[in-house]
Amino acid sequence: MSPTGDSDLAKIFMDIVYTRRSVRRYKPEKIPLDHIRIIMEAAQRAPTDAALHLWTAIHVRDDEKKRRIAELTGQKHIDEGSDFFLFIADLYRLKKLLEYRGEEMGDVDHALLLFAAIDAGLAAENMALAAVSLGYGTCFIGAIHNATEEIIELLKLPKKTYPLFGLVVGVPDEEPPLRPRLPLEMLFHSEEYHDYSEDMLDEGYKAMAPITRRGDYLRLLKRYVGREGYFVIRNKELPRLLEKMGFKINP
Ligand SMILES: Cc1cc2nc3c(=O)[nH]c(=O)nc-3n(C[C@H](O)[C@H](O)[C@H](O)COP(=O)(O)O)c2cc1C
């Protein structure tokens with residue numbers, strides 16, 4: 001295929017990209033399993049570092065289990081959606097593959113966890129876009145980190161795995177607005193890193209204002225990454241939880 005700026009495929013692709021929004025209201029309908037399979041195949045085809053496949057997704061379709069995860073995380077849309085996928089960093093399968101042929105895994109935990117998050121993110125976004133192309137809605141769920149240990153136990157995750165995020169897929173019952181993003185100039189820096197001028201920072205706040213009802217992006221930033229933000233708590237917990245799951249955190 002030769003590169004063209006305006007092919008039908010490019011238009012379809014960008015249409016899908018712009019149609020995808022986080023959906024938090026779903027109809028109580030189940031997605032047919034043949035559609036679920038297409039969505040899973042989209043994830044399977046995502047690139048994976050060195051063909052290592054550092055992720056696994058636990059497919060939760062059982063309503064009772066979804067309800068429990070929704071309660072644990074405080075995200076009711078997990079319960080409402082048809083299917084839930086928990087994406088985990090999976091070094092356990094690699095270890096098994098090596099040991100099965102008499103080899104051992106080296107000291108790789110830090111580096112592989114980083115790449116596992118990349119692999120999983122790529123696979124999940126492929127899934128989300130495939131779901132949108134079939135008319136479904138999706139929502140990524142980081143709130144699984146509000147109840148990491150309970151989720152590990154509920155879904156029986158073995159050592160050398162770690163939950164990364166969830167993905168809800170379902171029949172949408174809302175049409176959310178296109179949500180804002182920081183300007184392209186803040187996300188892409190030409191040729192080298194450029195620091196942010198005050199004008200640019202103002203532009204960032206202006207662009208992101210519609211993300212909250214009050215038009216206050218700073219409030220959102222403080223809630224997540226300020227001194228008492230959610231991520232401060234997650235950050236404190238992470239070393240202990242990783243150690244509990246069999247990762248060497250200070251080799
Ligand atoms: C890694 C990740 C974790 C997220 N966690 C949650 C979550 O726990 N609950 C939720 O409702 N939305 C969650 N979201 C959705 C974001 O809030 C959403 O993508 C963002 O506000 C932009 O909106 P849009 O997806 O409609 O463009 C998450 C998104 C990502 C990528």
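No hydrogens, no waters, no symmetry mates; every other heavy atom, side chains included, goes into these values. Start at 1 and go down the list; that is how both ligands and their atoms are numbered.
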Tell me whether the rings of [X] and [Y] are parallel (<30°), tilted (30 to 60°) or perpendicular (>60°).
{"X": "Y196", "Y": "Y193", "value": "perpendicular"}
{"X": "F140", "Y": "F165", "value": "tilted"}
{"X": "Y217", "Y": "Y205", "value": "perpendicular"}

*Tell me, please: is P176 in heavy-atom contact with ligand 1, that is, under 4.0 Å?*
no
For ligand 1 and [X], I'd like to know whether there is a polar contact (N/O to N/O, distance under 3.5 Å).
{"X": "I211", "value": "no"}
{"X": "F165", "value": "no"}
{"X": "R21", "value": "no"}

*salt_bridge(K156, E153) N-O dist < 4.0 Å*: no
*Would you call D79 and R67 a salt bridge, using N to O less than 4.0 angstrom?*
yes
Atoms in ligand 1 with a heavy atom of [X] nearer than 4.0 Å:
{"X": "I141", "result": "5 (N), 6 (C), 7 (C), 8 (O), 9 (N)"}
{"X": "C139", "result": "10 (C), 11 (O), 12 (N)"}
{"X": "G142", "result": "3 (C), 4 (C), 5 (N), 6 (C), 7 (C), 8 (O)"}
{"X": "A143", "result": "8 (O)"}

*Centroid-to-centroid, H77 to Y26, below 6.0 Å?*
no
For [atom], which of [options] has the closest heavy atom?
{"atom": "atom 27 (O) of ligand 1", "options": "R24, R181, H77", "answer": "R181"}
{"atom": "atom 29 (C) of ligand 1", "options": "Y230, Y224, F87, F140", "answer": "F140"}
{"atom": "atom 9 (N) of ligand 1", "options": "K76, Q75, R20", "answer": "Q75"}

*Among all protein heavy atoms, pick out the one at the shortest distance from atom 19 (O) of ligand 1; state its residue, atom name and that distance to 0.1 Å.*
S22 OG, 3.2 Å
*Where is the nearest protein heavy atom to atom 23 (O) of ligand 1: which residue, which atom, and how far?*
R179 CD, 3.4 Å
If we ignore angles and hydrogens, is there a donor and acceptor under 3.5 Å between the side chains of [X] and [Y]?
{"X": "D119", "Y": "H53", "result": "no"}
{"X": "T138", "Y": "R20", "result": "no"}
{"X": "D90", "Y": "T161", "result": "no"}

*What do you think, any protein heavy atom under 4.0 angstrom from atom 3 (C) of ligand 1?*
yes
